[in-house]
Amino acid sequence: MRPQDVLPAEPAGALPDTVREALLAPMVDHNCRPVRRDDLTRARFEMLIAGTDTPAPPGTTHFDTPAGVAVRRWCAPALGLEPHVSPAIYLTRRSELGPAEVNRRLLCEAGIVAFLVDAGGNGPEPLSAAEMGRLGGAAADEIVRIERVEQDAAETAVSGVSYISSLETELAGRAARAVGLKSVIARRHGLDFDPARPSRGAVIAAANRRLADPKEPLTDPVLLRHLLWTAVDVARERNLPLQMHTGYGDSGLDPHRADPALMAGFVRALQPIGVPLVLLHCYPFHRAAAHLAAVFPHVYVDVGPAPTATAAGSAAVMGELLELVPFHKQLFGSGTRGLAETCHLGALRYRRGLARALAERLASGEWSAADAARAAHMAGSGNARRVYRM
Amino acid sequence: MRPQDVLPAEPAGALPDTVREALLAPMVDHNCRPVRRDDLTRARFEMLIAGTDTPAPPGTTHFDTPAGVAVRRWCAPALGLEPHVSPAIYLTRRSELGPAEVNRRLLCEAGIVAFLVDAGGNGPEPLSAAEMGRLGGAAADEIVRIERVEQDAAETAVSGVSYISSLETELAGRAARAVGLKSVIARRHGLDFDPARPSRGAVIAAANRRLADPKEPLTDPVLLRHLLWTAVDVARERNLPLQMHTGYGDSGLDPHRADPALMAGFVRALQPIGVPLVLLHCYPFHRAAAHLAAVFPHVYVDVGPAPTATAAGSAAVMGELLELVPFHKQLFGSGTRGLAETCHLGALRYRRGLARALAERLASGEWSAADAARAAHMAGSGNARRVYRM
Amino acid sequence: MRPQDVLPAEPAGALPDTVREALLAPMVDHNCRPVRRDDLTRARFEMLIAGTDTPAPPGTTHFDTPAGVAVRRWCAPALGLEPHVSPAIYLTRRSELGPAEVNRRLLCEAGIVAFLVDAGGNGPEPLSAAEMGRLGGAAADEIVRIERVEQDAAETAVSGVSYISSLETELAGRAARAVGLKSVIARRHGLDFDPARPSRGAVIAAANRRLADPKEPLTDPVLLRHLLWTAVDVARERNLPLQMHTGYGDSGLDPHRADPALMAGFVRALQPIGVPLVLLHCYPFHRAAAHLAAVFPHVYVDVGPAPTATAAGSAAVMGELLELVPFHKQLFGSGTRGLAETCHLGALRYRRGLARALAERLASGEWSAADAARAAHMAGSGNARRVYRM
């Protein structure tokens, strides 16, 4: 895709060259999950666009969503089609090209310089981080999802005591090869967890219960908190940031318990420890996330898959994020999940949304061109290089 | 009112004919309450505009609100006056014409093809659904408010056991003549209710307590949940959707307990049952409602009276709804209550807000004209015809 | 600063003279805290802009925030510099002029006719209310922060019983010289407090505990509620309004407990008493605050420091406030704290944000020019004069 197709004609057409270059420069994508390598049925493709596990009701289609329209509009040209082609034509073309070529085109045109990939908890046939990097012409590193590591530890431990040590060993080992850790406690419990580190006795008791059925996904609050604090220890030793999923998710998550404001106590507890805390996604609580990033020195924020999901309405989301977020605290993450389309759209929406916000600030005289170029550069890659020590 | 007066001159002036026609086509209003037939004092009229039970403070007027200005701007021409006339002139003209003629003009110009009317819990002198249809040149059907039916059952039952059976019988009887059921548990309790169906024993015990004072509005959580689950049974048998009021309401409701995200557990419990759940109003939690509609196949959403209340600021509300809502999940509801003005403004705001959002999507190349026309048609009437089996 | 520099060129350029005059007329600032009189280090200046107690992370600066850019853009000209100068040049110029001259210029150009100053809980070297008035060419009155008064009462009382009487006496004495009272229970506890007045027995018991360590800031829920209700008594006797801080604050406050919707029960309890309740700040819960102002006759609202903090993004915040707020319920407060820059920016943002919203309403034909001028006048000073009986 040509640069002029990435940025909106109006109002970004009038952006100074330095700002356009900062917006179009390759970005670090610090929040993505693997793209699938298999050929997808229409039903599966629709569910992956819509971020749900169920088909659309009879007589309807998930293509009739903001994200569905965006696939036809923005991804079709990357596959050599006209914008706005029908779903059937889009999917036929996708099949003709085959998943490897589709993934290559869409990842490559996303303009990413490095993928930081959470490979945890995926569906079938995921690309590895290295493969995503190769297809996208980018570097690739790993983010360790701690709940996945816990699953492995639970399945091998023989007692509550050995659970604790095996969890520590396993986490430290995985962290040694990664650039960050990540927790999905928002999905497993909610962000209204007790911020205190649980006692060793309570952890052993809970672990003994867990070992009776270690294949179940972890939902015990004591063990989830123990896991989080163990991850904090590891992150501190290795100078790694800790990512936390916040904001709306799939149908299994309680949406009102995913507000990052709920974990202000945990954020305060982490402040003296100095581990950077990266809030992912956040929608529709991105104002809360931006506030935390503004008042706590160790909090960072991105809006992950929200611009892709909100599509033509995403400028308002970006606008709300920019109300409070310090320029040195904002990161780019595509929120890629399963489909290469989500990576392509994530990068496109981010650039377009930021371009629009910057153009407005320049047109009204609020910001100088140097301010705009600096902010775009920091959010696109500078902050990620600093936080992830790349 | 002429079509060109309904849609905003800019940016909708440039809308393709197919999109304009879809926006101006008669709509199904699935969320309205009766208009009053009596001549209203200024004090009563003001409170009905403002959605409150108290007069404005001394020296002020409820006309000095967003909705109050909108009445003078948009309803005055329908009564043969210039836009922006003073409150006194507006109310004098309203009196001269008389309520029947005022209601006829305002309902008729709203461009509604069918009213689905909740006649429960009204003030004095309501028009019946059939009368509203006749005045508005539209079909009319009934939505049964279940808390109203419970009141009748409570007043006739003689024991906890007979309460249960009389509630079932009464609800089934009323449902036989209706196109949907509706709950206002948000007002009576809050949406943070226990999603589980209560045990028969607990219901009988609570019902026995209730029968001591059956004229009181129901606020017992066990009986409210029993009522809701009885309604689910009836809705399933008769293939009816269940509407639920969510979002801000009058001064008696706890606003923070009206977030539909709070009832995600109930939504999940309903999913295998297949009863469509229609979230009404939702403001300012319309992003939460749109999210539920996006990830659950049986959830639908409208923003009811919010566009009327937010008036000149309603485009932002519509924009936020459109961030996530699938086109096949959005419904139009005017949120009419008491005044024919609220119906007129509800329809006008909805069309104008959607027109503006669609015009932006077309101008930026995000959507095709066919996308815009299809989405407008689905939201205006297509989805309601499907959900309410009209 | 010339008027044409205060209002945005577009779209406010086309505003009728009456509306421009109403927007530019001197305003009553009912929500400000003292400006400091001392020369500030860069580190302290940065933290005061950012509203945080910690420096920016190494290699970054709090000037790289929305508010930081705004200082360089909007305050630099008031100090005789070009817009967008570097932080170093800005701070050097600030030092050259000296704090007294800087304060004079910035306060004076803010266009304030009266400061209502909460002097409670400040850092070192605050200007008094009278001094702020003198520098800003304005009248000045005092708002009494009740938690500060409680601190004094706790330090002098010798028993639970004498605590109660000394609190009453102290509050009544301070109120006699003030135009309003203010509570920061949101910071000390959260707005999810029990709305009922606590029993005398419970208060005495809690007071006896408190007197063991009276220098600690008050956080006991029973005593905080007792303090609030004592303030209500005093406010009723003296016809004073009660201000309440709501919305996001510093890193010590639990942001999710600062939603004014949480205190709907307290608002209802106050309604028959008739004490005006003024919700301060509110962001990002300003829609909740506007709703309360719309449905309760005694509730008023301002967005305090939010426009300054959200800076170039503040138009959306003002837009959301205006969705529901009655014109006779909106107040202007700068949210000034420590830096004269925050006063200057508070007034500027408020005028620009309102100008933009009014210009949109006029351009789309939604409001008449008379509506716009009246609303601007009421919010800028008319409502404050009525509520504070000035």
Side-chain angles (χ1 to χ4, degrees), chain A residues 191-192 256-257 259-265 267-268 271 274 276 284-300 315-316 318-330 357-358 360-372 374-375 378 382-383 386-387, chain C residues 5 8-11 47 49-70 72-74 82-86 190 247-259 283-286 306-307 309-317 319-320 349 352 356:
Chain A
L191 297 175
D192 49 350
H256 65 284
R257 297 175 70 190
D259 181 351
L262 293 169
M263 60 172 193
V267 173
R268 276 194 290 271
Q271 186 172 355
F285 309 109
H286 40 288
R287 281 173 162 165
H291 165 71
L292 294 173
V295 297
F296 289 102
H298 60 306
V299 176
Y300 295 80
M318 183 65 85
E320 288 173 356
L321 177 70
L322 295 177
E323 287 171 7
L324 284 187
V325 74
F327 313 157
H328 51 276
K329 294 300 195 71
Q330 184 185 354
L358 297 179
E360 285 170 1
R361 281 154 176 75
L362 294 175
S364 61
E366 291 278 355
W367 287 21
S368 71
D371 292 333
R374 189 171 69 257
M378 292 168 95
N383 295 332
R386 190 176 78 248
V387 175
Chain C
D5 297 330
E10 285 300 328
M47 287 187 274
I49 301 175
T52 177
D53 295 325
T54 48
T60 70
T61 162
H62 286 314
F63 271 102
D64 273 341
T65 56
V69 173
R72 292 168 37 233
R73 166 62 186 92
W74 295 109
E82 288 297 305
H84 307 303
V85 292
S86 73
Y248 290 170
D250 54 36
S251 62
L253 174 146
D254 275 341
H256 65 284
R257 297 174 70 190
D259 180 351
Y283 179 90
F285 309 110
H286 40 288
T310 57
S314 60
V317 177
E320 289 172 357
R349 286 293 171 207
R352 286 176 71 85
R356 177 165 159 170

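Values reported hereafter were calculated over all heavy atoms of this structure, with side chains retained and with hydrogens, waters and symmetry mates removed. Below, chains carry the letters A, B, ... as their sequence lines are ordered, and counting in each starts from 1.
- Using modelled atom types, one side-chain atom of C:Thr52 and one backbone atom of A:Val295 make a donor-acceptor pair closer than 3.5 Å.
- Across A:Arg361, A:His298, A:Met378, the residue that shares the most heavy-atom pairs under 4.5 angstrom with chain C is A:Arg361.
- Taking CD of A:Glu366 as the start and CZ of C:Arg72 as the end, the distance is 12.0 Å to the nearest 0.5 Å.
- Residue contact with chain A, scored on non-hydrogen atoms closer than 4.5 Å, involves the backbone of C:Thr61 exclusively.
- For chain C, the nearby part of A:Val325 is the backbone; its heavy atoms alone come within less than 4.5 Å.
- Interface summary for chain C: among A:Ala370, A:Pro326, A:Ala264, A:Ser368, the most heavy-atom pairs under 4.5 angstrom belong to A:Ser368.
- Residue contact with chain A, scored on non-hydrogen atoms closer than 4.5 Å, involves the backbone and the side chain of C:Ser251 alike.
- Both the backbone and the side chain of A:Leu324 come within less than 4.5 Å of a heavy atom of chain C.
- In this structure, A:Gly265 and C:Asp254 approach most closely via the heavy-atom pair N-OD1, 4.4 Å.
- Between A:Glu323 and C:Arg349 no salt bridge is recorded (no basic side-chain N to carboxylate O distance below 4.0 Å).
- Atom OG in A:Ser364 sits 6.5 Å away from atom CZ in C:Arg352 (nearest 0.5 Å).
- Contacts of C:Ala312 with chain A are made by both backbone and side-chain atoms, with heavy-atom separations under 4.5 Å.
- At a threshold of 4.0 Å, the pair A:Lys329-C:Asp64 does not count as salt-bridged, since none of the basic side-chain nitrogens sits closer than that to a carboxylate oxygen.
- Proximity to chain A (any heavy atom under 4.5 Å) is restricted, for C:Pro55, to the backbone atoms N, CA, C and O.
- From A:Phe296, atom CZ reaches atom OG1 of C:Thr54 across 8.5 Å, with rounding to the nearest 0.5 Å.
- Here the closest heavy-atom approach between residue C:Glu320 and residue A:Arg287 is recorded as OE1-NH1, 2.9 Å.
- Comparing C:Pro57, C:Gly68, C:Pro284, C:Gly59 by heavy-atom pairs within less than 4.5 Å of chain A, the highest count is held by C:Pro57.
- Within the 4.5 Å cutoff, side-chain heavy atoms of C:Thr60 are placed close to those of A:Arg386.
- The candidate from C:Asp250, C:Thr310, C:Leu253 with the greatest count of non-hydrogen atom pairs under 4.5 Å with chain A is C:Thr310.
- Between atom CG of residue A:Asp371 and atom CZ of residue C:Arg73 there is a gap of 11.0 Å, rounded to the nearest 0.5 Å.
- For C:Arg257, no part lies under 4.5 angstrom from a heavy atom of chain A.
- When the ring-ring contact (aromatic ring centres under 6.0 Å, His included) test is applied to C:His62, no partner is found at least two apart in sequence or on another chain.
- Remark: A:His291 engages C:Tyr248 in a ring-ring contact (aromatic ring centres under 6.0 Å, His included) (not counting sequence neighbours).
- Both the backbone and the side chain of A:Ala288 come within less than 4.5 Å of a heavy atom in chain C.
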